There are 2 protein chains.
Amino acid sequence: MESILFQPLIDALASGQPRAVIDAAKLFNAADLAEFIEQNCEGDLGISLFQRLPLAQRAKVLGYTNPEIQLVLTQATPLAELALLTAEMPSDDRVDFFNLLEEPRQKQLIRKLDEEDRDDLTALLAHAEGTAGALMSTDYAVFESGITASEAIDILRKTAEDKETIYQSYVIDEQQVLIGVVSLRRLIVAKPDAVIDSLLATGLVTTQTDTSQDDVARLIAKYDLLALPVLDEHNRLAGIITYDDAMDVIEAEATEDIHKGGSVSNLDTGITTASPFSLYRSRIQWLVILVFANIFTGAGIAHFEDIIGAHLALLFFMPLLVASAGNAGAQSATLVVRGIATGDVVNRDWLRLFNKELCVATALGLTMALTVWAVGLFRTEMVIATIVAITMIAVVLAGGLIGILLPLLLNRLGVDPAAASIPLITTIADVSGVLIYFTIATAILGT
Amino acid sequence: MESILFQPLIDALASGQPRAVIDAAKLFNAADLAEFIEQNCEGDLGISLFQRLPLAQRAKVLGYTNPEIQLVLTQATPLAELALLTAEMPSDDRVDFFNLLEEPRQKQLIRKLDEEDRDDLTALLAHAEGTAGALMSTDYAVFESGITASEAIDILRKTAEDKETIYQSYVIDEQQVLIGVVSLRRLIVAKPDAVIDSLLATGLVTTQTDTSQDDVARLIAKYDLLALPVLDEHNRLAGIITYDDAMDVIEAEATEDIHKGGSVSNLDTGITTASPFSLYRSRIQWLVILVFANIFTGAGIAHFEDIIGAHLALLFFMPLLVASAGNAGAQSATLVVRGIATGDVVNRDWLRLFNKELCVATALGLTMALTVWAVGLFRTEMVIATIVAITMIAVVLAGGLIGILLPLLLNRLGVDPAAASIPLITTIADVSGVLIYFTIATAILGT
């Protein structure tokens with residue numbers, strides 16, 4: 001949002017009148033207020049706006065600001081007020097915020113919460129990060145089996161304020177086991193005296209508290225769900241995950257996978273907000289691993305020192321052949337890794353994908369062999385150009401096929417294919433490229 | 001979904017009783033039925049299920065199947081029936097389906113539609129692919145200003161069936177200009193006689209028909225919207241885009257960006273469904289471009305033939321230095337490209353990011369210089385090890401900084417930074433790596 005649109009807020013803050021600030025803030029979404037606060041956090045304008053907002057709005061805005069800013073905004077808040085603020089937050093935002101605090105402050109805060117909020121918080125804290133349990137909200141609407149549509153609407157009307165969504169409600173039995181889901185759409189359209197059990201959606205989709213958050217996001221996207229119910233080990237309803245959280249997960253997972261493809265590991269945030277140290281840490285690991293991996297390529301070259309010394313012209317084409325092997329491998333690996341991430345590719349597809357790649361990489365290799373052969377004729381003798389062309393077919397094929405198989409193998413072994421595939425494959429393709437090239441050259445030119 | 005879960009469907013189809021199939025299908029979501037049909041399309045079981053489903057369910061299932069399967073399922077459908085089927089589809093699915101058909105069939109079909117559907121389809125067809133206009137649905141709920149909450153709920157009750165969502169409704173004036181958005185949540189909670197104008201959401205978020213679909217998805221994700229209203233050039237409400245479409249866009253854009261990072265361009269689908277020819281086409285372009293780019297690296301090596309001939313030990317470390325430059329560049333470029341895609345990085349950040357990278361890449365370079373120096377001491381003379389270590393600092397710094405600047409430059413020039421950055425940067429880093437290495441070696445060892 002352009003900063004000029006925030007002028008009413010800036011003016012109101014400058015006027016020094018609390019009422020004017022509250023009125024100006026009414027014009028904006030929580031997401032916009034959070035953006036303004038983040039942008040103006042250093043100049044204190046942001047904090048001063050935050051402190052002047054009504055409690056409920058502050059709780060909402062906090063859910064839209066990034067973790068560091070959440071801490072800055074609340075570090076000076078007295079404990080009693082912080083307890084009121086966290087009580088106002090949706091249960092999923094609350095547990096995330098709570099996790100940011102230092103342990104002594106956590107202990108003080110939890111004692112100030114009322115029993116219900118405290119139990120809720122403790123239950124949510126028990127789930128491992130990255131699971132459905134850690135993502136879910138406990139602010140869902142439930143009905144007992146047997147009530148009518150109009151009774152259900154009445155319940156929603158009275159309890160709407162505390163619910164994450166009232167568009168999906170959950171029908172449970174006495175043991176809190178989930179029977180089904182009913183949408184507000186069906187409740188509204190139904191005859192007022194229709195029993196809700198007759199209005200349940202078909203094909204109930206649920207997940208478990210320990211399901212990974214990307215599987216959760218994928219379920220929500222696949223079935224176009226507004227909210228996904230999360231069950232505990234006894235099939236009791238433990239919480240719900242709403243579409244907006246799924247969207248954030250999809251975006252964050254994509255960022256993580258893109259980073260991994262560029263050999264950047266474990267970076268929670270983007271380059272703008274990440275500290276130099278966390279950038280260093282996320283990058284050094286693969287760089288050093290790849291140094292060692294590339295020593296093999298160097299050793300490969302050293303092994304062929306004699307033929308290289310005798311035909312230095314071979315060196316001219318080495319980067320091109322090695323890079324082509326690496327590029328072809330990176331391409332097929334990228335396709336397979338993304339396919340695994342979206343659920344499009346599963347391990348048992350390996351033979352089909354291998355055969356497809358055999359066909360595609362052969363075509364790619366032939367095209368590129370022709371290209372380098374033509375280039376070679378201008379730069380060197382016929383025999384070297386021919387060696388280069390033959391090598392090109394072989395290395396593109398080798399790179400492409402390794403690119404298909406390695407991610408599937410890693411996946412099979414339980415290693416995240418996104419984390420290792422691209423840099424590893426490039427390096428393996430490099431080594432293979434050198435070996436194939438000079439082996440073919442030696443065979444044709446003699447030692 | 002495991003295929004065993006589809007057993008009721010398989011049994012019903014085997015029984016040959018139409019009624020049994022319809023009853024079995026009632027147990028499943030449209031998304032699951034679509035999955036079953038896709039998996040069993042070749043064996044005809046899929047088509048036979050599809051043809052036995054009631055019209056409304058068929059229309060819904062069609063929206064969940066991929067384009068090729070949509071064509072397979074409907075190729076034998078008589079025109080009159082196809083018209084009924086498309087009339088049942090949500091307007092956004094309908095236009096996508098229509099775009100799949102051959103022109104003669106399009107013309108025949110459009111003549112069979114009733115006037116309202118025809119006008120709607122024609123209007124939606126006018127928007128360019130990848131824009132909000134092409135993504136939006138026209139099945140939204142509108143109210144005139146001044147009605148009460150209970151009147152509004154009554155209208156929704158009667159018209160719900162034809163609406164994409166009834167959870168967000170739009171209040172428009174006589175010129176169809178959008179005044180505001182009201183949620184069903186507020187309508188339900190409000191006093192029945194409250195005027196809807198008093199229930200409008202604050203901070204109205206809208207978009208234009210020509211906005212790109214990724215900007216649309218980003219708006220929906222940022223504001224946690226259920227639906228985003230799309231306005232035409234006169235600020236009249238033209239359609240809405242719902243969160244589920246935004247989720248698909250985020251996923252598809254991430255796939256595209258990941259593919260581009262692996263130098264795979266313009267591939268609409270994943271490796272499983274893409275044809276060998278479209279895979280070839282999406283990969284050959286960058287492979288050939290990179291062959292020519294790598295000729296420069298080769299030329300760089302050829303230029304330093306003398307010093308290489310004199311000190312073949314230098315070759316041993318070449319792959320490692322060149323790869324490190326490329327890897328460091330790929331890392332910083334990946335971070336910047338993703339930052340640009342998520343809106344986290346904008347062009348004016350360049351100096352700040354440059355300085356940050358200066359600091360991070362120096363630290364990375366020093367760490368790696370130490371590593372290769374230690375390795376070098378075991379493998380070669382002290383002087384070569386020292387040359388390699390100095391080169392390492394220089395190439396990591398060069399690679400890292402190019403990786404920051406090139407994507408921003410491309411973005412500035414209006415070229416998609418995701419499409420070109422990674423392969424280009426790896427190649428530029430390769431060339432620079434060779435030049436820096438042998439220049440330093442020449443300076444220290446003499447020619």
Side-chain angles (χ1 to χ4, degrees), chain A residues 26 28-29 31 157 160 166-167 185 188-189 202-203 221-224 243-244 247 250 254-255 258 261-264 270-272 276 279-280 283-284 287-288 290-291 294 297-298 301-302 305 312 315-317 319-320 323 327 330-331 334-335 338-339 344-345 356 359-360 363-364 367-368 371, chain B residues 26 28-29 31 157 160 166-167 185 188-189 202-203 221-224 243-244 247 250 254-255 258 261-264 270-272 276 279-280 283-284 287-288 290-291 294 297-298 301-302 305 312 315-317 319-320 323 327 330-331 334-335 338-339 344-345 356 359-360 363-364 367-368 371:
Chain A
K26 277 188 187 148
F28 295 91
N29 285 301
R157 188 169 283 145
I166 58 164
Y167 300 142
R185 187 180 188 132
I188 286 275
V189 173
T202 51
K222 176 179 172 184
Y223 293 101
D224 293 345
Y243 70 96
D244 50 317
M247 237 183 252
I250 291 176
T255 296
I258 287 173
S263 17
V264 175
I271 189 170
T272 311
L279 285 170
Y280 171 84
R283 293 168 62 176
I284 191 66
L287 287 179
V288 169
L290 292 174
V291 161
N294 274 297
T297 317
I301 295 177
E305 219 168 338
L312 277 176
L315 273 186
F316 177 82
F317 294 97
L320 179 155
N327 290 332
Q331 287 181 332
T334 299
L335 289 165
R338 182 59 181 163
D344 191 28
V345 168
K356 204 182 214 176
C359 153
V360 175
L364 292 171
T367 314
M368 292 170 70
T371 314
Chain B
K26 278 190 188 146
F28 295 92
N29 285 300
R157 189 170 281 144
I166 58 164
Y167 300 143
R185 186 179 189 133
I188 288 274
V189 173
T202 51
K222 176 179 171 185
Y223 293 102
D224 292 346
Y243 71 96
D244 50 320
M247 236 183 252
I250 291 177
T255 297
I258 287 172
S263 14
V264 176
I271 190 171
T272 311
L279 284 171
Y280 171 83
R283 293 169 63 177
I284 191 65
L287 287 179
V288 169
L290 292 174
V291 161
N294 274 297
T297 316
I301 295 177
E305 220 167 337
L312 277 176
L315 274 187
F316 177 81
F317 295 97
L320 179 154
N327 290 332
Q331 287 182 332
T334 299
L335 289 165
R338 182 60 182 164
D344 191 28
V345 168
K356 204 181 215 177
C359 153
V360 175
L364 292 171
T367 314
M368 292 169 70
T371 315

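No experiment lies behind these values; they were computed from the predicted model shown. Order of the sequence lines fixes the chain letters, A, B, ..., with proteins taken first and strands second; residue numbering starts at 1 for each chain. Just the heavy atoms: all of them, side chains too, but no hydrogens, waters or symmetry mates, feed the values below.
The distance from the CZ atom of R283(A) to the CG atom of L364(B) is 5.0 Å, given to the nearest 0.5 Å. Taking OG1 from T272(A) and NZ from K356(B), the interatomic distance works out to 6.5 Å, rounded to the nearest 0.5 Å.
By the 30° and 60° cut-offs, the orientation of the rings of Y167(B) relative to Y167(A) is parallel.
Note: I284(B) leads I284(B), L290(B), V345(B) in heavy-atom pairs under 4.5 Å with chain A. Highest contact tally toward chain A, considering only T297(B), V264(B), D344(B), is held by D344(B) [criterion: heavy-atom pairs under 4.5 Å]. In terms of non-hydrogen atom pairs under 4.5 Å with chain A, the most contact-rich of V291(B), T255(B), I250(B) is T255(B). Of the residues considered (C359(B), A363(B), G261(B), G270(B)), A363(B) shows the highest number of contacts with chain A, using heavy-atom pairs under 4.5 Å. Ranking L279(B), N294(B), V189(B), I166(B) against chain A, the residue ahead of the rest is N294(B), based on heavy-atom pairs under 4.5 Å. For the options T367(A), D224(A), V360(A), heavy-atom pairs under 4.5 Å to chain B are most numerous at D224(A). Of the residues considered (Q331(A), R157(A), M247(A)), Q331(A) shows the highest number of contacts with chain B, using heavy-atom pairs under 4.5 Å.
Contact annotation for T371(A): only side-chain heavy atoms (C-beta onward) come within less than 4.5 Å of a heavy atom of chain B. When heavy atoms are compared at a cutoff of 4.5 Å, L287(A) approaches chain B by way of both its backbone and its side chain. Residue contact with chain B, scored on non-hydrogen atoms closer than 4.5 Å, involves the backbone of K26(A) exclusively. I301(A) touches chain B through its side chain: at least one heavy atom from C-beta onward sits under 4.5 Å away, while N, CA, C and O do not. For F317(A), no part sits under 4.5 Å from any heavy atom of chain B, backbone or side chain. Using a 4.5 Å cut-off between heavy atoms, L315(B) contacts chain A through both its backbone and its side chain.
When all heavy atoms are compared, the tightest approach of R338(A) to A254(B) is NH2-CB, 3.6 Å.
T334(B) is listed as a side-chain neighbour of I258(A), based on a closest heavy-atom distance under 4.5 Å. With a 4.5 Å cut-off on side-chain heavy atoms, F28(B) and T202(A) do not count as touching.
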